[in-house]
Amino acid sequence: MNPVDMTTETLRQQAKQIKADGCRFVTVTCLEETEDTLALIYHFEKNLELFHYRVRIPKDKVVPSLCPVFSAAFLVENEIRDQFGVTFEDLEPDFNGTLYFGDSDVVTATPFCRFGVKRADG
Amino acid sequence: MSNTILPFGPQHPVLPEPIHLSLTVEDEVVRQAVPALGYVHRGLEMLTRKKDFHQMIQVVERVCGICSMMHAMCYCRGIETLMDIEVPRRAQFLRVIWSELHRIHSHLLWLGLYADSFGFESVFMQFWKIRERIMDINEATAGNRVIVSVNRVGGVRRDLSPSQCWWIGEQLDEVETELKAIESTMLDNYTVKKRTVGKGVLTKEDAWELGAAGPTLRGSGIARDMRELKYEALDELEFEPVVETGGDAYARGAVRFKETLQSIDLVRRAMARLPGGETAAKVKGKPEGETALRVEQPRGECMYYIKADGSRFLDRLRIRTPTFANIPPLTAMLPGIELADVPVVVLSIDPCISCTER
Amino acid sequence: MFKKIMERSRIKSPWLVHYDCGSCNGCDIETLACLTPLYDVERFGVLNIGNPKHADVLIVTGSVNTRNRHVLEQIHRQMPSPKIVIAVGSCGLSGGIFKEAYNVVGGVDRVIPVDVYVPGCPARPEAIIDGVVEGLSVLADKQRRPDAANGAVAVDHTNSEILYESR
């Protein structure tokens, strides 16, 4: 697989383009690349073929959500919010980091990051 | 009348697994459904830091007990791609046989639960009685009823003898006869149709847009089955995806019923063409690189993303399961239906919560 | 007289409630398989019901995680005494293969007292039926000595440590 690189600025515009091409949203993979950066890999599908787009972001960056384009993206973006602490703009519905973990739960940091970051909302 | 918010789950008589839905209802009609997950979340993707890539097979099998074979197969295929391992032809056929057996048992299980959700208990018992034959096959060939654990990196652990193939064929004939006997009950019965036709309609456009997977997608008239990717031995075994156009709970049930018969046929043909030779290739070295691949599970397409850095431990394992993709369509299906039909519609996507949350 | 009938029938026909507590579904479908034609526990008078307030036996499958532990505690609290808890499957016993995962608290006995442990991954239907039958003698015992049985089993719900003593 060879992911195409994108930036957060062009993300939504390109997603619209991808959708216009007849692609289907599959999922988003988040991974920790270095101590301060994460990579989001967006997977799309057309005619049984997968297309990958990669966005590299610093850990505290707010990422535009894909929900206005692909409404199915809300679940996976909420999951990434829980696990990596990435904040998404225009996420609907937004569980605000409580999709998997309740308010009283012990897991409060970002469990999927080797190098944890403190959540903005404490 | 003003809106009321009703909690549905996590512990609910019709739900075998805990999922919570907040249903906004107006009188008896659902207006909005918001899912809340987390009751089964364990964090299995992060076990890659503690278990090496061989041990992870046992972990991914337990992402979901019902489709464990497919999870392990997809994971092993990913590792084999990264390590450039050529899987012996016989192992590829054996993987197809066991995965299709898993599909049969999963669909029969679901058909039973589905019948139970609209109160048809005798059909529920019938399906589960038929299913026990498949469980016997699993036990006789792999040693365990549910989690068969036949996959390893490079091939399969177990082999089928000719006499076992003959016996499996005999059992499958019985399964087919028994299934045909209740086909009309499931597909033409007045009561069943009354409870399922027109319930939880998902249009073709919505199904595509919301990223539905598997029988939920095919029930809405889109012929998309990941087995068309011709993985393992499927390049030699032709088949047509089962499609229904209704888009309702009935169509999804019909797709699964017909797929069960189709899988029986696939297992038979795979056993007839089973070539000789080794069942596993030698594995040397460690995986490196990244890959994304998909297989068709009973519930739909499952995507694995694997990134390895050449050490024993994988860098990142991401599992996108079919039910995860089917939850957004579910929230689109529920508005407009009556409260008493909610269990039927929720079950019609075949929810597997332990897959979804991992 | 009425009490005697109650006591007899509780042992002869225990009602059970099943809660899936983060298992992989393997044990759940085996628990369900117990109720269907081949194994059919209803012939022993065992009835599966969805309501914890009607139940004598709680079957828990899977490891406890940080969110569902509260649900498990609530279900256990709602059940009338005498009651028994059966933990099914390796992960219900100790956390099993999921023990090292970050969101897993551990076995069922970290949260509520467990009377019978059924091992297996997944536990076979025969083993689960055996566990229920084994549990009935515990239930009879608790019924005979309600104070002793209920006094010895105590869990502090505010702390995740095991605070109760074994019977």
Side-chain angles (χ1 to χ4, degrees), chain A residues 1-3 19 22-34 38-54 66-67 69-80 82-84 92-95 97-105 107 110-114, chain B residues 22 32-43 45-46 48-49 78 81-82 206-213 217 222 224-230 289-294 301-307 315-321 323-332 356-358:
Chain A
M1 60 180 273
N2 294 309
K19 192 182 178 184
C23 282
R24 199 157 77 98
F25 173 77
V26 178
T27 195
V28 187
T29 300
C30 185
L31 51 127
E32 193 180 34
E33 293 214 313
T34 64
L38 295 170
L40 290 170
I41 305 178
Y42 291 82
H43 308 274
F44 299 97
E45 184 237 19
K46 188 186 182 184
N47 295 336
L48 294 171
E49 206 181 329
L50 279 173
F51 299 94
H52 314 278
Y53 296 87
R54 174 155 43 203
L66 277 196
C67 289
V69 189
F70 295 98
S71 52
F74 82 87
L75 203 57
V76 66
E77 287 181 347
N78 271 306
E79 185 185 280
I80 292 171
D82 269 33
Q83 294 171 338
F84 291 88
E92 178 62 39
D94 190 352
F95 290 86
T98 58
L99 180 70
Y100 288 155
F101 315 121
D103 306 327
S104 59
D105 293 345
V107 186
T110 48
F112 275 48
C113 292
R114 269 196 178 79
Chain B
S22 295
Q32 198 199 358
V34 179
L37 307 173
Y39 296 98
V40 200
H41 179 64
R42 293 150 290 183
E45 290 171 3
M46 272 303 99
T48 49
R49 286 182 197 159
T81 319
L82 293 179
D206 278 355
W208 182 260
E209 161 95 27
L210 293 170
L217 183 65
I222 297 170
R224 174 59 55 87
D225 190 321
M226 285 309 129
R227 284 177 286 175
E228 289 173 281
L229 287 169
K230 312 263 178 228
E290 57 179 345
T291 185
L293 73 166
R294 295 178 293 171
E301 67 175 90
C302 169
M303 195 200 86
Y304 268 63
Y305 167 86
I306 301 170
K307 184 165 183 251
D315 204 28
R316 177 87 167 99
L317 175 68
R318 167 93 172 93
I319 309 166
R320 204 298 306 261
T321 54
T323 309
F324 196 89
N326 279 334
I327 292 221
L330 177 66
T331 58
T356 313
E357 301 174 6
R358 304 173 301 281

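In this structure, A:Lys46 forms no cation-pi arrangement with A:Phe51, as its terminal cationic atom is not both closer than 6.0 Å to the ring centre and no more than 45° off the ring axis.
Of the listed residues B:Gly289, B:Pro328, B:Ala325, B:Ala213, the one with more heavy-atom pairs under 4.5 angstrom with chain A than any other is B:Pro328. Between chain A and the options B:Thr331, B:Leu293, B:Leu210, the largest number of non-hydrogen pairs under 4.5 Å is found for B:Leu210. Chosen from A:Ala73, A:Ala72, A:Ser71, the residue pairing most often with chain B at heavy-atom distances under 4.5 Å is A:Ala72.
At a 4.5 Å heavy-atom cutoff, the contact between A:Glu79 and chain B is made by side-chain atoms alone. Residue contact with chain A, scored on non-hydrogen atoms closer than 4.5 Å, involves the backbone and the side chain of B:Ala292 alike. Only the backbone of B:Ala212 comes within contact range of chain A, judged by heavy atoms closer than 4.5 Å. With a threshold of 4.5 angstrom between heavy atoms, B:Asp206 does not approach chain A through any atom at all.
With rounding to the nearest 0.5 angstrom, the CZ atom of B:Arg316 is 7.0 Å from the SG atom of A:Cys30.
Aromatic ring pairs are classed by plane angle as parallel below 30°, tilted from 30° to 60° and perpendicular above 60°; the pair A:Phe44 and A:Phe70 is tilted. Using cut-offs of 30° and 60° for the angle between ring planes, the A:His52 and A:His43 rings count as perpendicular.
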For this session: Output, in order, the C-alpha distance, side-chain angles, deciding distance and verdict of side-chain contact (heavy atoms from CB on, under 4.5 Å) for B:Ile319 and B:Glu45.
Result: CA-CA 8 Å; B:Ile319 309 166; B:Glu45 290 171 3; 4.1 Å; yes
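Partners of A:Glu45 under the salt bridge (charged side-chain N to carboxylate O under 4.0 Å, His left out) rule, at least two apart in sequence or in another chain, are A:Arg24, B:Arg224, B:Arg294.
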